[in-house]
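Okay, so here's the structure we're looking at.
All values below were derived from every heavy atom in this structure, side-chain atoms included, with hydrogens, water molecules and symmetry-related copies excluded. As the structure lists them, so they are numbered: ligands from 1, and atoms in each ligand from 1.
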Amino acid sequence: MYIIILGAPGAGKGTQAENIARQMKLEHIASGDLFRQTVERGNELGGRLKECMKKGMLIPDEITIKMILKRLTFDNNNNGALLDGFPRNLKQAKALDKALKEKDKVIDKALFIRVSEEELTRRLISRRVCRQCQMPDQASTEIMGEQEKCKHCGGDLYRRADDNLKTIKQRLRVYFSETLPVIEYYKRQGKLVEVNGEGSIEIITTKILNSLQKREFVEK
Ligand code: ADP
Ligand code: ZN
């Protein structure tokens with residue numbers, strides 16, 4: 001099974017993808033995490049990626065497509081893969097379809113997590129991410145005298161360089177112009193599963209798991 005998880009920055013893709021992948025035994029492939037790992041390596045490619053991400057721009061398609069497709073191993077130990085953050089534009093979606101077709105596979109479902117723009121900005125501003133396991137968290141206070149720790153693994157939490165108001169606005173602009181057409185693309189193919197992403201993490205995970213089991217599902 002190959003599932004894509006779609007939604008704006010801050011919609012909760014990473015958190016939900018982690019939960020869903022674990023429960024459905026899918027390999028979780030997160031483009032943003034892959035890119036941040038490359039930045040950490042500090043080589044020339046990492047430097048280029050860092051610049052794009054800092055500005056809230058997409059990484060060039062040639063780089064993105066190559067990196068993600070290389071990561072998609074068709075490993076038989078899993079039931080398939082859950083792609084988080086990719087595809088983010090139509091060119092990437094078509095490249096993915098082509099690569100899957102060569103292996104006689106298709107995207108089964110595209111899960112769209114819907115969250116209002118106001119809520120997205122609020123979440124991104126107070127978001128912290130674990131250095132160790134990459135899981136996102138919400139900062140409980142803006143003044144962090146004491147370093148808060150990850151509730152999953154105890155690792156240090158940090159604020160992503162692109163979680164500032166200016167970059168957030170740019171990322172949302174890119175999302176509306178480049179990624180919304182991807183949502184339409186899967187909708188036309190009858191693969192879109194839409195879930196309201198506002199509410200508790202656990203309830204949303206349950207709603208997603210239930211709706212992925214149905215043939216067609218659009219939450220009202
Ligand atoms: P978010 O969804 O909160 O923006 P991600 O971690 O998924 O966070 O992505 C962070 C950044 O990584 C994006 O703003 C973009 O610069 C880059 N990126 C991630 N996925 C892609 C992609 N599929 N194509 C191009 N750039 C990407
Ligand atoms: Zn952690």
Side-chain angles (χ1 to χ4, degrees), residues 4-19 22 28-40 45-72 82-96 99 110-115 117 119-138 147-183 185 197:
I4 290 166
I5 185 159
L6 294 158
K13 292 187 300 289
T15 306
Q16 295 301 337
E18 195 62 43
N19 291 345
R22 197 181 335 104
H28 177 196
I29 302 175
S31 55
D33 290 350
L34 275 178
F35 293 146
R36 278 184 290 278
Q37 283 159 14
T38 310
V39 170
E40 290 290 306
L45 175 63
R48 271 185 79 189
L49 302 190
K50 188 177 177 181
E51 279 308 301
C52 289
M53 291 169 86
K54 205 171 76 189
K55 290 186 199 140
M57 282 159 48
L58 292 187
I59 309 292
D61 285 332
E62 313 80 72
I63 301 176
T64 302
I65 292 168
K66 205 160 117 199
M67 275 180 76
I68 303 291
L69 295 185
K70 200 169 126 202
R71 184 68 181 66
L72 198 59
L82 178 61
L83 292 163
D84 160 12
F86 177 91
R88 241 178 169 86
N89 63 24
L90 280 178
K91 191 165 172 209
Q92 295 178 7
K94 287 174 182 163
L96 174 63
L111 175 72
F112 170 41
I113 306 185
R114 184 167 27 84
V115 172
E117 200 176 335
E119 170 72 6
L120 294 171
T121 310
R122 198 190 59 72
R123 287 185 188 178
L124 291 169
I125 285 290
S126 53
R127 175 164 75 179
R128 300 292 181 272
V129 182
C130 175
R131 248 184 226 295
Q132 221 159 271
C133 75
Q134 318 298 328
M135 284 290 275
D137 204 335
Q138 293 297 121
Q147 176 79 48
E148 290 187 78
K149 300 285 179 191
C150 170
K151 44 177 186 267
H152 307 281
C153 75
D156 289 341
L157 297 180
Y158 78 106
R159 183 180 197 156
R160 269 171 46 176
D162 56 352
D163 282 344
N164 62 75
L165 202 55
K166 189 170 167 227
T167 309
I168 289 169
K169 288 222 154 77
Q170 174 59 21
R171 284 155 64 204
L172 288 172
R173 267 198 294 275
V174 169
Y175 166 75
F176 288 117
S177 64
E178 307 251 342
T179 313
L180 281 188
V182 177
I183 295 173
Y185 177 75

Atoms in ligand 1 flagged as close to [X], the criterion being non-hydrogen separation under 4.0 Å:
{"X": "Thr64", "result": "22 (C), 23 (N), 24 (N), 25 (C)"}
{"X": "Gly85", "result": "20 (N), 21 (C), 22 (C), 23 (N)"}
{"X": "Gln92", "result": "22 (C), 23 (N), 24 (N), 25 (C)"}
{"X": "Lys13", "result": "2 (O)"}
{"X": "Ser31", "result": "19 (C), 20 (N), 21 (C)"}

Selected option - heavy-atom contact closest to atom 4 (O) of ligand 1, from Met53, Arg88, Met57, Arg36: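 Of the listed residues, Arg88 has the closest heavy atom.
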
Minimum non-hydrogen distance to atom 10 (C) of ligand 1, winning option of Lys54, Arg160, Arg171: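 Nearest option to atom 10 (C) of ligand 1, by heavy atoms: Arg160.
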
Is there a nitrogen or oxygen of [X] sitting under 3.5 Å from a nitrogen or oxygen of ligand 1?
{"X": "Asp33", "result": "no"}
{"X": "Ala8", "result": "no"}
{"X": "Pro9", "result": "no"}

Donor-acceptor contact present, side-chain Lys13 to main-chain Asp84, <3.5 Å: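 Pair absent, no side-chain N/O of Lys13 close to backbone of Asp84.
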
Donor-acceptor contact below 3.5 Å, side chain Arg171 vs main chain Met53: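 Here the side-chain-to-backbone pair does not exist.
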
Can you confirm whether [X] sits close enough to [Y] that some side-chain heavy atom of one is under 4.5 Å from a side-chain heavy atom of the other?
{"X": "Phe176", "Y": "Glu117", "answer": "yes"}
{"X": "Thr121", "Y": "Leu172", "answer": "yes"}
{"X": "Ile63", "Y": "Arg48", "answer": "yes"}
{"X": "Leu157", "Y": "Met135", "answer": "no"}
{"X": "Leu124", "Y": "Leu165", "answer": "no"}

Residue part near ligand 1, for Arg127, under 4.0 Å between non-hydrogen atoms: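 The side chain, only.
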
Salt bridge present between Arg123 and Glu119 (N-O < 4.0 angstrom):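 Salt bridge flag = yes for Glu119 with Arg123.
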
Test: Lys149 and Asp156 ion pair at under 4.0 Å: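 Yes.
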
Distance from atom 26 (N) of ligand 1 to nearest protein heavy atom, with residue and atom: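 Checked against all protein heavy atoms, atom 26 (N) of ligand 1 sits closest to Ile59 N, 3.0 Å.
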
Heavy atom of the protein closest to atom 27 (C) of ligand 1 (residue, atom name, distance):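 Result for atom 27 (C) of ligand 1: Phe35 CE1, 3.5 Å.
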
Apply side-chain hydrogen bond (donor to acceptor under 3.5 Å, both in side chains) to [X] and list each qualifying residue two or more places apart in sequence or on a separate chain.
{"X": "Thr167", "answer": "Asn164"}
{"X": "Arg88", "answer": "none"}
{"X": "Asp162", "answer": "Arg160"}

Sub-4.0 Å heavy-atom approach of Lys91 to ligand 1: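 No, that is not the case, since the closest heavy atom of the residue is not under 4.0 Å from the ligand.
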
Around the Zn ion (ligand 2), number of protein N/O/S atoms which are nearer than 2.8 Å: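 Near the Zn ion (ligand 2), the number of protein N, O or S atoms below 2.8 Å is 4.
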
Residue of the set Asp61, Val182, Thr64 for which side chain to side chain contact (heavy atoms under 4.5 Å, CB included) holds with Lys91: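 Going through Asp61, Val182, Thr64 one by one, the side chain to side chain contact (heavy atoms under 4.5 Å, CB included) with Lys91 is satisfied by Asp61 alone.
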
